[in-house]
Protein chains: 2
Amino acid sequence: MSPYDPSAYPPFAVTVDLVVLTVRRHALCALVVRRGEQPFQGRWALPGGFVRGDEDLAAAAARELSEETGLCAHDPAMPGAGNGAHLEQLATYGDPKRDPRMRVVSVAHLVLAPDLPAPRAGGDANSARWAPVDELLAVGDESAAGLAFDHARILADGVERARSKIEYSSLATAFCPPEFTVGELRRVYEAVWGVALDPRNFHRKVTGTPGFLVPAGGTTTRQGGRPAQLFRAGGATLLNPPMLRPEV
Amino acid sequence: MSPYDPSAYPPFAVTVDLVVLTVRRHALCALVVRRGEQPFQGRWALPGGFVRGDEDLAAAAARELSEETGLCAHDPAMPGAGNGAHLEQLATYGDPKRDPRMRVVSVAHLVLAPDLPAPRAGGDANSARWAPVDELLAVGDESAAGLAFDHARILADGVERARSKIEYSSLATAFCPPEFTVGELRRVYEAVWGVALDPRNFHRKVTGTPGFLVPAGGTTTRQGGRPAQLFRAGGATLLNPPMLRPEV
DNA sequence: GCTGTTTATCGTCAGGCAGACGACTATGAT
DNA sequence: ATCATAGTCGTCTGCCTGACGATAAACAGC
């Protein structure tokens with residue numbers, strides 16, 4: 001086979017699909033939209049759409065994200081500051097039979113966003129909502145309950161990426177508002193990992209890692225008990241040594 | 001924009017590119033082929049080619065690998081045993097201008113292989129060779145020296161993935177023949193990371209991690225000094241705690 | 001105002017693991 | 001025989017984590 005022969009390559013459709021994660025009410029949630037067309041009409045699916053002819057993959061993902069949620073993805077090169085969400089490429093799915101109508105290769109992207117008021121259903125989706133990932137990925141017969149296409153697999157991969165990535169990076173702060181307390185950050189870890197963490201050891205760890213957190217104004221806020229110090233994400237992106245995820 | 005409208009999506013060409021890494025003479029090397037056509041004629045590039053119309057992405061990568069090197073990629077689900085190389089998806093590159101002729105989205109894959117006799121130039125490549133990655137990625141003016149397309153970027157991403165992945169997985173064994181000594185495995189780490197490791201601490205670490213290595217026959221071989229025990233890759237794929245990469 | 005509850009924050013202590021290195025063993029080369 | 005080269009076993013020290021006690025600062029209710 002002669003590569004790069006413009007007259008003899010099979011045509012593909014290329015899409016981006018988004019795994020948009022956030023932490024709501026102590027649970028890790030993903031954004032899903034209800035499909036308005038066949039196939040899988042009426043089923044929930046990950047948001048996504050076609051990549052345009054002159055558009056980079058990351059740009060297409062950012063555009064879809066904006067259309068679907070109004071979120072503004074910020075470049076990984078620009079840490080902290082903006083309340084834009086973190087966006088990174090996840091993986092690409094190209095099983096010839098993943099879409100019954102035609103050959104579609106989907107470049108999935110992972111978005112980590114702070115808790116947002118309400119998703120706005122945009123474009124083609126009848127509606128959109130945040131659903132706990134445990135619910136979306138619940139195994140069982142789930143005859144008509146599963147996500148459309150191979151989106152359950154994509155979501156599972158995205159969740160696993162998020163779970164492992166907050167171990168060794170400061171990415172958990174992407175789930176928090178610009179200013180947050182140590183307790184809020186801890187609840188993010190607990191929700192994403194689905195475990196309980198010791199507040200004292202967690203506090204020692206995050207405040208003792210240089211560059212992870214920087215005190216913001218030094219004021220306080222409330223969440224229930226004693227006022228807590230406010231922090232902002234520091235410049236460090238990699239945690240070394242990493243945050244250890246309790247086994248089991 | 002209405003997703004999944006079969007009559008209104010821009011057509012793409014989809015290719016797979018391969019970052020095939022091995023360790024030769026104490027250096028991390030990548031497989032590159034010389035381009036026989038425009039553009040970038042005569043320049044070195046990563047091996048790759050078009051995905052066929054009915055082919056999965058991983059299958060296309062395995063096929064190209066086989067065509068280019070004769071290597072048989074084994075599924076990640078099947079550890080140890082076969083001398084097939086490790087293959088995993090790396091990332092997807094889709095800049096609209098990455099190929100001057102048409103819109104090409106390339107799904108890059110990472111292959112880790114043991115040291116092989118000689119690459120066989122197959123198909124369209126005038127020739128193929130193993131080149132040290134330091135050489136391929138050397139910064140400088142390198143007016144005509146760099147890799148074709150965005151392959152330098154892809155290679156850099158692949159090398160970085162390999163460097164980080166051998167920290168927390170047993171993947172370094174993919175660079176070794178089926179049976180190997182602790183010293184050989186250590187030299188793999190040293191070559192990939194570009195550092196010197198303490199043989200005694202390394203020995204303690206790898207032999208003390210359950211499931212990483214299993215004694216093979218218990219015989220010995222030689223590499224210079226005292227005979228060493230032969231091992232085989234164990235069932236464990238994740239290293240916990242990870243192998244620590246010395247800083248700088 | 002007092003008490004109980006909740007959350008934040010500081011400390012202490014023991015165990016595990018990694019880095020630094022000493023010592024000994026078993027080969028081949030000179 | 002001696003040296004060089006590698007492999008393997010130990011020791012010691014310092015850092016980090018997990019377990020957990022104790023104190024501090026808010027609020028709810030009496």
Side-chain angles (χ1 to χ4, degrees), chain A residues 25-26 166-168 176 179-191 193 195-232 236 238-248, chain B residues 25-26 166-168 176 179-191 193 195-232 236 238-248:
Chain A
R25 286 183 277 106
H26 218 268
I166 64 174
E167 288 185 40
Y168 58 90
C176 297
E179 297 193 347
F180 52 89
T181 68
V182 173
E184 286 164 358
L185 184 61
R186 176 170 49 80
R187 279 182 279 276
V188 164
Y189 274 91
E190 291 179 332
W193 284 345
V195 298
L197 299 176
D198 186 291
R200 300 156 290 192
N201 292 336
F202 183 86
H203 188 277
R204 176 182 61 190
K205 173 68 177 175
V206 296
T207 58
T209 299
F212 192 4
L213 301 182
V214 294
T219 65
T220 74
T221 187
R222 62 207 35 100
Q223 162 94 18
R226 164 177 166 182
Q229 203 177 349
L230 280 173
F231 292 91
R232 196 182 299 271
L238 258 38
L239 264 40
N240 200 323
M243 182 85 59
L244 293 186
R245 165 159 42 164
E247 46 222 294
V248 182
Chain B
R25 286 181 275 106
H26 219 269
I166 64 173
E167 289 185 41
Y168 59 91
C176 297
E179 296 194 348
F180 52 90
T181 68
V182 173
E184 287 164 357
L185 184 62
R186 177 169 47 81
R187 280 181 279 277
V188 164
Y189 273 92
E190 291 178 332
W193 284 346
V195 298
L197 299 176
D198 185 291
R200 299 155 293 191
N201 293 335
F202 184 86
H203 188 276
R204 177 183 59 190
K205 174 69 179 175
V206 296
T207 59
T209 299
F212 192 3
L213 301 182
V214 294
T219 66
T220 74
T221 187
R222 62 208 32 99
Q223 162 94 17
R226 163 178 165 181
Q229 203 178 348
L230 280 174
F231 292 91
R232 196 183 300 271
L238 257 39
L239 264 41
N240 200 324
M243 183 85 59
L244 292 185
R245 164 158 44 162
E247 47 222 291
V248 184

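Just so it is clear, the model here is predicted, and its values are computed rather than measured.
Separating the CG atom in A:Asn240 from the CD atom in B:Glu247 is a distance of 7.0 Å, to the nearest 0.5 Å. The distance from atom OG1 of A:Thr221 to atom CZ of A:Phe180, rounded to the nearest 0.5 Å, is 13.0 Å.
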Go through the steps for B:Arg226 and B:Thr220 under the test side-chain contact (heavy atoms from CB on, under 4.5 Å), then give the verdict.
CA-CA 9 Å; B:Arg226 163 178 165 181; B:Thr220 74; over 6 Å; no

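Across D:dG7, D:dC20, C:dC21, the shortest atom-to-atom separation from the side chain of A:Asp198 is found for D:dC20.
For A:Leu244 against A:Trp193, the heavy-atom pair with the smallest separation is O-CZ3, 3.8 Å. Shown here for A:Glu179 and A:Leu230, the closest heavy-atom pair between the two residues is OE1-CD1, 3.6 Å.
Donor-acceptor pairing under 3.5 Å, judged by distance alone, is absent between the side chain of A:Arg200 and the base of C:dG11. No hydrogens or angles were tested; on distance alone, nothing pairs the side chain of B:Arg226 with the base of D:dA6 as donor and acceptor under 3.5 Å. You'll find a donor-acceptor pair under 3.5 Å spanning the side chain of B:Arg204 and the base of C:dG19, going by distance alone.
Distance, B:Phe202 CZ to D:dG7 P: 11 Å, rounded to whole Å. Between A:Lys205 atom NZ and C:dA8 atom P the separation is 20 Å, expressed in whole Å. Separating the NE2 atom of A:His203 from the P atom of C:dT7 is a distance of 15 Å, rounded to the nearest angstrom. Counting to the nearest Å, the C1' atom of D:dC15 and the CG atom of B:Leu244 are 12 Å from each other. If you take CG of B:Leu197 and P of D:dA6, they are 15 Å apart, rounded to a whole angstrom. Rounding to whole angstrom units, CG of residue B:Asn201 and P of C:dG16 are separated by 18 Å. The CZ-C1' distance, from B:Phe212 to C:dC17, rounds to 17 Å in whole Å. Note: CG (A:Leu185) to C1' (C:dT9) measures 16 Å, nearest angstrom.
Each of A:Met243 and B:Gly225 was assigned the nucleotide of DNA chain D with the nearest heavy atom; the assignment lying further toward the 5' end belongs to B:Gly225.
Using a 4.0 Å cut-off, some side-chain N or O of A:Arg186 falls inside it from OP1 or OP2 of C:dA8.
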